[in-house]
Amino acid sequence: MSSEDNLLPLIVEPEQLAEHLDAPNLLIVDVPLKAESYTAGHVPGAIFLDHRRLLAGDGPVPNDVPDEDALSALFSELGLTRDTHVVAYDDEGGGWAGRLLWTLELIGHTRYSYLNGGIHAWRAAGLRQSREPHQPQPSDYRAEILNPGVMIERDELLERLDEVQLAVWDARSPAEYRGEKGQNRHLGHIPRAVNMEWTDAMDRQRDLRIRDYAELITELDALGLTPDMEIVTHCQSHHRSGFTWLVGKALGFEKMRAYPGSWQEWGNRDDTPIER
């Protein structure tokens, strides 16, 4: 099965997923901000993932990508195989689910989908939920960074800040972007970055699904973010920008990248340029 004949589209609606719950090679992963969301009710067959497993966890940039050994252990525990189609969702509109799917893209696993709106949309559709924890069937998965282009590191970003075909999408709040709020040594934003807060891409009237694509494309275009550009997205820890990366992919932006160090790294150094 190639990525072209994936089991499900990149953005899958609750009713679509409900029709495929018994499909072989389907791995549904609930990666909530709050673990109680999983125990309160999850998609039948979904396994729980602690979102902290998607972060390095220590060092100067604890939100960076875990090393290949840690990723291998994680995806082996989840039961990932080369043939697995992963469906990710969360309880907050796509941040941690997006970070998981971005991590899969990073290791070259392209068979994945996002449950549009996450558990909120599933519950609103009145679909069956389970409260029983579902245990994965462990596999022996060797994770390698096969697609490093989906990530950008600080040094490359620093070198390329003046390139007109490269744009930075800051997914933090306007107050963080303006330097009025934050816990970092330095506040503000990356030079030339534009700001659309991650929640502004969610439709609050439709259970946090991704907003109307045409409207989003128009708004991003007004900010100077167009499908032909190389777009780097970030937030404080590449959690909120997990969602904005996914939104870009859904809209057909083919050169979406993410900066996992995000403001946690950029704003805590003395050698990174900052605007306010």
Side-chain angles (χ1 to χ4, degrees), residues 1-32 38 42-55 65-90 94-119 121-122 127-130 132-151 210 242-243 245-250 252 254 256-258 260:
M1 188 172 74
S2 74
S3 58
E4 283 70 38
D5 56 14
N6 266 341
L7 176 66
L8 294 164
L10 173 63
I11 307 299
V12 62
E13 292 298 326
E15 293 80 5
Q16 277 178 295
L17 178 58
E19 292 173 7
H20 288 87
L21 291 182
D22 296 326
N25 296 328
L26 185 67
L27 177 65
I28 306 173
V29 184
D30 186 334
V31 54
Y38 181 79
H42 50 265
V43 175
I47 60 175
F48 170 79
L49 171 61
D50 183 339
H51 59 76
R52 292 172 294 189
R53 298 287 302 277
L54 298 170
L55 311 176
V65 180
D67 64 31
E68 290 180 340
D69 287 342
L71 290 173
S72 296
L74 170 63
F75 289 117
S76 293
E77 278 178 44
L78 294 180
L80 190 68
T81 71
R82 301 290 171 198
D83 297 321
T84 304
H85 188 103
V86 177
V87 176
Y89 72 91
D90 57 42
W96 286 119
R99 172 84 187 224
L100 170 58
L101 298 182
W102 175 83
T103 304
L104 288 172
E105 183 77 26
L106 188 64
I107 63 171
H109 189 95
T110 57
R111 295 177 183 139
Y112 59 74
S113 302
Y114 170 61
L115 173 59
N116 202 8
I119 195 63
W122 184 270
L127 295 164
R128 187 167 61 89
Q129 297 178 68
S130 170
E132 295 299 312
H134 186 75
Q135 299 304 324
Q137 288 286 109
S139 60
D140 183 13
Y141 193 91
R142 183 67 219 161
E144 298 174 77
I145 307 296
L146 297 174
N147 186 15
V150 75
M151 168 173 65
I210 298 171
F243 179 64
W245 173 82
L246 179 64
V247 167
K249 289 272 289 182
E254 292 183 2
M256 284 300 300
R257 303 178 72 182

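The figures that follow rest on heavy atoms only: side chains count, while hydrogens, waters and symmetry mates do not. Note that this is a predicted model, so its numbers are computed, not measured.
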Next item on the list: Enter the distance from Trp122:CH2 to Glu15:CD here, rounded to the nearest 0.5 Å.
Entry: 8.5 Å
Check: Can any side-chain N or O of Glu13 pair as donor or acceptor with the backbone N or O of Asn116 at less than 3.5 Å?
Finding: no
Notebook entry, point to check: For the residue pair Val12 and Ser113, what are the closest heavy atoms and their distance?
Noted result: CG1-CB, 4.0 Å
Next item on the list: Look at the side chain of Asn6 and the backbone N and O of Pro9, then say whether any donor-acceptor pair between them is shorter than 3.5 Å.
Entry: no
Notebook entry, point to check: To the nearest 0.5 Å, how far apart are CZ in Phe75 and CZ in Arg53?
Noted result: 9.5 Å
Notebook entry, point to check: Do His85 and Leu27 come within less than 4.5 Å of each other through their side chains, counting heavy atoms only?
Noted result: no
Notebook entry, point to check: Taking side chain as C-beta onward, heavy atoms only, is Leu115 less than 4.5 Å from Ile28?
Noted result: no
Checklist line | Heavy-atom neighbours of Glu254 CD exceed 12 at 6.0 Å | finding: no
Margin query: Going by the rule ring-ring contact (aromatic ring centres under 6.0 Å, His included), which residues pair with Trp96 if we only count those two or more places apart in sequence or in a different chain?
Written below: His51, His239
Next item on the list: Would you mind telling me which of Val43, Leu104, Ile47, Leu80 makes a side chain to side chain contact (heavy atoms under 4.5 Å, CB included) with Val29?
Entry: Ile47
Checklist line | Ala46 backbone acceptor or donor facing Tyr38 side chain under 3.5 Å | finding: yes
Check: Where is the tightest heavy-atom contact between Met256 and Lys249, given as atom of each residue plus distance?
Finding: CG-N, 3.9 Å
Note to self: I need the Leu55 CG to Asp50 CG distance, nearest 0.5 Å.
What the structure shows: 9.0 Å
Checklist line | Spacing of Tyr89 atom OH and Leu17 atom CG [to the nearest 0.5 Å] | finding: 9.0 Å
Next item on the list: Starting at CG of Leu246, measure out to CD1 of Ile11 and round the result to the nearest 0.5 Å.
Entry: 4.5 Å
Notebook entry, point to check: Between Thr84 (side chain) and Thr81 (backbone), is there a donor-acceptor pair under 3.5 Å?
Noted result: yes
Check: So which heavy atom on Pro44 is nearest to which on Ser130, and how close?
Finding: CA-CB, 4.1 Å
Margin query: With a 4.5 Å cut-off on side-chain heavy atoms, are His109 and Tyr141 touching?
Written below: yes
Notebook entry, point to check: What residues form a side-chain hydrogen bond (donor to acceptor under 3.5 Å, both in side chains) with Asp69, not counting sequence neighbours?
Noted result: Arg142
Note to self: Please report the interatomic distance CG(Leu74) to CG(Leu100), rounded to the nearest 0.5 Å.
What the structure shows: 8.0 Å
Next item on the list: Return yes if some donor-acceptor pair links the side-chain N/O of His42 with the main-chain N/O of Glu132 below 3.5 Å, else return no.
Entry: yes
Check: Is there a donor-acceptor contact under 3.5 Å from the side chain of Trp102 to the main chain of Pro260?
Finding: no
Checklist line | Contact check, side chains of Thr103 and Arg99, non-hydrogen atoms, under 4.5 Å | finding: yes
Note to self: With a 3.5 Å distance limit and no angle check, can you tell me whether Asp90 reaches the backbone of Gly118 through a side-chain donor-acceptor pair?
What the structure shows: no
Next item on the list: Please confirm whether the backbone N or O of Val150 pairs with a side-chain atom of Arg257, one donor and one acceptor, at under 3.5 Å?
Entry: no
Item checked: Minimum heavy-atom distance Pro66-Leu71, with the two atoms named -> O-CD1, 3.6 Å
